[in-house]
Structure formats: C-alpha cells, structure tokens
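In what follows, chains are A, B, ... by sequence order, proteins preceding strands, each numbered from 1.
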Protein chains: 2
Amino acid sequence: MSSQTVATVERAADVLVRFAEAGTSTLGVTELADSLGMSKAAVHRVLASLRSRGLVELDEDSRRYSLGLTAMRLGLAYLDRIDIRRLAAPELAGLSARTTETATLSIRTGLNRVYIDQVKPPREVIMAVSLGVPYPLHAGGSSKAFLAFLPEVEIDSYLSAPLDPLTPATVTDPERLRTELALIRRRGYAMSISERQRGAASVAAPILDHHSLPAAVISVCGPAERFIGEADACAAALLEATDRLSARLGHRA
Amino acid sequence: MSSQTVATVERAADVLVRFAEAGTSTLGVTELADSLGMSKAAVHRVLASLRSRGLVELDEDSRRYSLGLTAMRLGLAYLDRIDIRRLAAPELAGLSARTTETATLSIRTGLNRVYIDQVKPPREVIMAVSLGVPYPLHAGGSSKAFLAFLPEVEIDSYLSAPLDPLTPATVTDPERLRTELALIRRRGYAMSISERQRGAASVAAPILDHHSLPAAVISVCGPAERFIGEADACAAALLEATDRLSARLGHRA
DNA sequence: AAACCTAATTCCAATAATTGGAACAACCGG
DNA sequence: CCGGTTGTTCCAATTATTGGAATTAGGTTT
C-alpha cells in the first residue's frame with residue numbers, strides 16, 4: 001500500500017514531537033536518544049540539522065536543546081488559517097476577564113475536537129487546557145456543545161459507536177446522552193463536571209454559522225469546586241459572547 | 001568544523017518552513033518541489049513522512065497539503081515553555097548598559113504587578129526597585145504600561161474601583177487616567193514622574209504575546225532629575241528591546 | 001587540585017536507506 | 001473524449017546515514 005516514507009524524516013519528527021510532549025522545556029541528547037531508542041550520534045545529527053533551520057535552539061552553556069522560533073512560526077501559521085480564531089480572540093479575552101476563569105476555543109476535526117486557543121485569568125489556581133490534543137465528542141462541556149448542535153444523522157452515527165469513558169463521570173449511555181443533548185439545545189449551552197478531566201468543570205456553547213452548524217465552541221472552565229458556584233454567571237456571559245460571534249458568521253436566531 | 005548534519009532532515013525542515021512562509025495557502029507537491037529544487041518524488045516521500053506524525057495534513061479531495069495539528073502543538077509548546085525572565089535577561093542588561101540607568105522586568109498578578117528582575121548600571125546614584133512587592137496597576141510607568149494594553153473589560157473593571165494615590169503625583173481620576181492610557185497605546189510606551197515613588201521617573205513598555213496581551217513589562221528608570229532629560233532616548237531603546245521580545249512571544253506587529 | 005563521572009561531540013568504514021528519473025494513475029478543463 | 005497537469009509508485013545505483021568507539025568538554029566529589 002502506501003508507506004512510501006522516509007524513516008529519517010520520521011525520526012526527526014519524533015524528536016520534535018518529544019519536545020512538545022515533554023513536560024520540561026529543555027532536553028539533552030542522551031535523554032532523547034534513550035526515550036526514542038535512537039543512538040546518541042543520530043540524535044545529535046538530527047538536532048544539528050533542525051537547529052540549522054531554527055526548529056530547535058541550543059543553549060551553548062547547558063548544552064541542552066529546546067524548541068526554536070521556527071517551531072513557533074509553524075504553530076502560528078497553522079492557527080492563522082483558522083480565521084475563527086482571530087474573530088473569537090477578543091471575546092475570549094473579554095470572557096476570561098469578566099469571569100476570572102479560563103476561556104477556551106475549540107474546533108472539530110472529524111470525530112474529535114481540539115482546543116485551538118485559551119485565555120487564562122491572572123490568578124493563582126486556574127484551569128489550563130492542552131491545545132492541539134484531540135478529544136472525543138461525548139465527554140466534557142465543549143465536546144457536548146458540538147455534538148448537540150450537529151445534524152441528527154451525525155449524532156446518530158456518533159452515538160452508534162461505543163462511547164469510552166475518560167473519567168468515572170463520563171456519560172457513556174447513548175440514551176442518557178441523547179436526553180442531555182436535548183437539554184443542551186434547549187438551554188443553549190452545555191455543562192460538565194469532571195466528565196473529561198477530573199476536578200474540572202465548564203460551561204460551553206457553540207458559535208453557529210449561517211447553516212446553524214457549529215463552527216467552533218467556546219467554553220469557560222475552572223477548578224470544579226470553585227466553578228460550580230460561578231457556572232450560572234459564566235453561562236450568561238458565555239451566551240452573550242457566542243451570540244455576538246454567531247451573528248458575525250451570519251447566523252440568525 | 002564540519003557541521004555534522006543530516007541533509008534529509010534539513011530538506012524536510014525546508015518543506016515545513018515553506019508552509020510557514022506561504023502562510024494561509026495550501027501547497028502541492030510540484031509547487032514545493034520547484035520552489036525547493038527537489039524532485040517530486042523526494043517531496044512526496046517527505047510529505048508522507050511528515051503526515052505520519054501529523055505535522056502536515058493532506059486534503060484527500062484537492063490532494064494538497066497544509067500544516068497539521070502537530071505543527072500547532074510544537075508552536076504552542078514553544079510558547080508555553082518560555083521563561084520570560086530568562087528571555088528578557090539579556091535585553092535588560094543591554095538596556096541598562098545603553099542607557100546607564102536601571103532596567104526592570106515586571107509581571108502581573110491579578111490586580112497587581114511585581115518586579116521580578118532588574119539590572120542596575122555601574123554608577124553611584126541609581127534607582128533600585130524591590131523585587132516581589134505588589135504594586136497597583138494605576139501608579140507608575142510599568143503599571144500603566146500593563147493597564148493600557150489589557151482588554152477593555154479589564155480596564156473598565158479596574159477603573160471602577162477607587163484608585164488610591166501612592167504619592168501626590170499619582171493620577172487617581174479615572175477619566176484622566178483613561179486619556180493617558182490612550183496616549184500610551186498610541187505611543188507604545190508609558191512615562192511616569194514620581195507617580196509611584198517620589199523622586200523616581202521611568203519609561204515602560206509591554207512585551208506582548210500572540211494574543212497581543214501583555215506578558216510582562218520592561219521599564220528603564222532613574223532618579224527623576226537626571227532621567228527626565230534622557231527619557232526620549234531611553235524610550236527609543238526600550239521599544240527596540242520590547243519589539244524583539246514580543247516577536248519571540250509570537251506577537252506580530 | 002586532581003581525579004572521576006556523565007554528557008556531548010566527532011570519526012570512520014559498513015551498509016542500509018535515500019535518491020531521482022521514468023512510468024503510471026488520477027484528475028481537470030475544454 | 002482527449003491533452004495537459006499533478007500526484008504517486010517503481011527500481012536499480014549510489015550516496016548519505018548509521019552506530020560503535022574514541023574524544024572532548026563540563027561539572028562534581030574527594
């Protein structure tokens with residue numbers, strides 16, 4: 001079939017991905033070699049090559065590597081193509097400021113959903129999401145907000161496959177989920193407590209386009225204990241924001 | 001001497017960079033091959049490899065390639081891991097050297113702001129700040145530089161609470177302050193004479209992140225009497241430094 | 001200060017993997 | 001229905017990658 005690929009490039013890509021996965025900001029040659037099962041020499045050469053293109057940077061003093069400016073350019077170039085992000089950015093900032101919680105923006109990629117932006121409030125204990133990581137459409141506020149506003153056919157098709165739980169609180173029974181989706185449509189927003197991420201809670205609502213389909217979803221989220229008390233106020237602010245954005249995409253109420 | 005590198009990896013990196021340069025558009029195999037002087041076969045294999053790691057995506061219909069989710073994750077990982085203090089340290093040193101005054105770095109913590117670093121010039125009479133002490137957002141150069149570049153909602157909310165004076169020169173009238181914030185945004189930097197600290201003067205400008213929100217503020221400050229004459233020159237050097245740093249945080253002018 | 005450890009870098013011959021031209025297939029517009 | 005384009009696959013030639021070992025650099029302990 002089609003595995004017409006270049007192993008060297010894949011290994012170089014693996015090195016890059018390692019930087020994104022690793023919790024630490026810098027990595028050493030040996031560290032990378034061990035975790036990827038490559039020889040130190042190979043890793044070193046790959047790093048030198050990536051460095052020549054600015055994808056990674058070398059701290060001459062510590063002899064450790066980190067992601068470089070070019071890596072950032074790639075990420076921002078990707079995000080540039082998504083103009084909903086530009087449109088929503090000020091609303092995210094406003095929401096986060098008004099609620100003093102984290103505001104996020106997600107888009108759909110097939111049967112998944114990824115965060116593509118977030119604005120965090122300037123306080124100590126906050127919730128922070130991982131941008132770019134795919135999550136299923138049935139667990140968590142943002143996911144359910146997407147699912148609820150998809151065409152019926154797509155909902156049926158999604159619910160016909162088994163639903164894996166991400167936490168003990170994830171709803172995996174299709175009929176219970178269906179009932180909840182109806183509620184979400186009626187209220188206009190979804191709510192979740194620990195469904196996707198333990199200890200996290202959120203309210204989420206879609207930005208609807210001129211077909212009344214969700215172009216993106218905005219959520220306001222925070223640590224569950226604190227957030228539950230704020231949820232109603234957050235939902236109100238959230239719906240104001242998504243209404244404005246939906247209007248800009250040509251949606252009529 | 002020899003740059004111990006892997007040509008294949010460098011070419012793969014060139015392909016990726018092409019996507020960042022091309023910005024919003026998608027790219028085809030031939031297009032890439034021509035512009036990079038590579039064979040179509042080589043480009044195709046590289047793309048297949050990058051695709052296997054999610055760095056690029058293929059639109060099956062148009063058979064054209066674009067950057068993928070992993071590219072975004074790399075960019076955001078870069079942004080996440082930036083240690084603003086380390087990044088700014090050389091610029092602080094440079095600024096202090098060029099101006100022969102003190103250069104400081106501040107971050108925000110909610111409704112306050114704290115100095116987290118400073119570089120003092122080697123002369124007798126200088127200004128020195130206290131690291132880690134919280135100051136309000138309306139008094140002094142660094143504070144106003146933060147406030148001016150916050151989302152409107154946050155400015156409104158901040159100005160709706162009473163503003164206490166720290167010195168006789170502190171501006172406490174919300175409307176006068178609002179006018180000044182507009183000036184700061186226009187000029188790109190804030191100036192203060194004795195607003196926070198009697199006898200002290202400063203110019204300050206924000207380091208803006210990819211949301212155009214202030215990640216930190218740099219100031220150049222000194223004893224008021226002497227500093228006032230140097231302020232313009234200091235402001236010019238300051239803006240050069242903050243522009244460079246903002247660029248590293250993904251801010252585009 | 002010296003010795004010792006660990007990590008990073010360079011060297012080199014073996015060889016496994018990349019390469020590019022050309023053939024093939026898929027697509028588009030006329 | 002048919003040329004013109006673009007994307008994909010094949011295959012033998014050969015080039016560039018590879019990994020082990022040697023070397024250098026840095027940092028820490030004795």
Subject >> Closest non-hydrogen atom pair between A:S212 and A:H251, with its separation >> reply: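 Where A:S212 meets A:H251 most closely, the heavy atoms are OG-CE1, 3.2 Å.
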Would you mind classifying the nucleic acid contact of [X] as base, sugar-phosphate or nothing, using non-hydrogen atoms under 4.0 angstrom?
X     : result
A:R11 : sugar-phosphate
A:A7  : sugar-phosphate
B:A41 : base

**OP:** Establish whether the base of D:dG19 is bridged to the side chain of A:R45 by a donor-acceptor pair shorter than 3.5 Å.
**Re:**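 Answer yes: a donor N or O sits under 3.5 Å from an acceptor.
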May I ask you to evaluate whether [X] reaches the phosphate of [N], defined as a side-chain N or O under 4.0 Å from OP1 or OP2?
X     : N      : answer
A:H44 : C:dT9  : yes
A:Y65 : C:dA7  : no
A:T8  : C:dA17 : no

Rounded to the Å, how far apart are [X] [atom1] and [N] [atom2]?
X     : N      : atom1 : atom2 : value
B:E10 : C:dT18 : CD    : P     : 16 Å
A:L47 : C:dT10 : CG    : C1'   : 15 Å
A:D61 : D:dA25 : CG    : P     : 15 Å
B:M38 : C:dG20 : CE    : C1'   : 11 Å
A:D59 : D:dG26 : CG    : P     : 12 Å

Under 4.5 Å between any side-chain heavy atoms of [X] and [Y], yes or no?
X      : Y      : answer
A:F149 : A:V217 : no
A:S62  : A:T26  : no
B:S66  : B:D59  : no

Original post:
Any idea which of C:dA8, C:dG20, D:dG20 is nearest the A:K40 side chain?
Top reply: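 Nearest to the side chain of A:K40 among the choices is C:dA8.
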Original post:
D:dT8, D:dG19, C:dA17: which one has an atom nearest the side-chain heavy atoms of B:R63?
Top reply: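 The closest nucleotide is D:dT8.
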Original post:
When you match B:A42 and A:R64 each to their closest nucleotide on DNA chain C, which lands nearer the 5' end?
Top reply: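 Counting from the 5' end, the first nearest nucleotide belongs to A:R64.
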**OP:** Strictly below 4.0 Å, heavy-atom distances to any atom of DNA chain C: list the hits from residues 29-36 of chain A, or just say none.
**Re:**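 Residues of residues 29-36 of chain A under 4.0 Å from DNA chain C: A:V29, A:T30.
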**OP:** Using atom types as modelled and distance alone, determine if a side-chain donor or acceptor of B:H210 lies under 3.5 Å from a backbone N or O of B:R252.
**Re:**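 Side chain of B:H210 to backbone of B:R252, a donor-acceptor pair under 3.5 Å: no, none is there.
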Subject >> Cationic N near anionic O, under 4.0 Å, B:R248 to B:D209 >> reply: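 The answer is no: the pair does not qualify as a salt bridge.
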Original post:
For the residue pair A:Y135 and A:Y115, does the interplanar ring angle fall in the parallel (under 30°), tilted (30 to 60°) or perpendicular (over 60°) class?
Top reply: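 A:Y135 and A:Y115: perpendicular rings.
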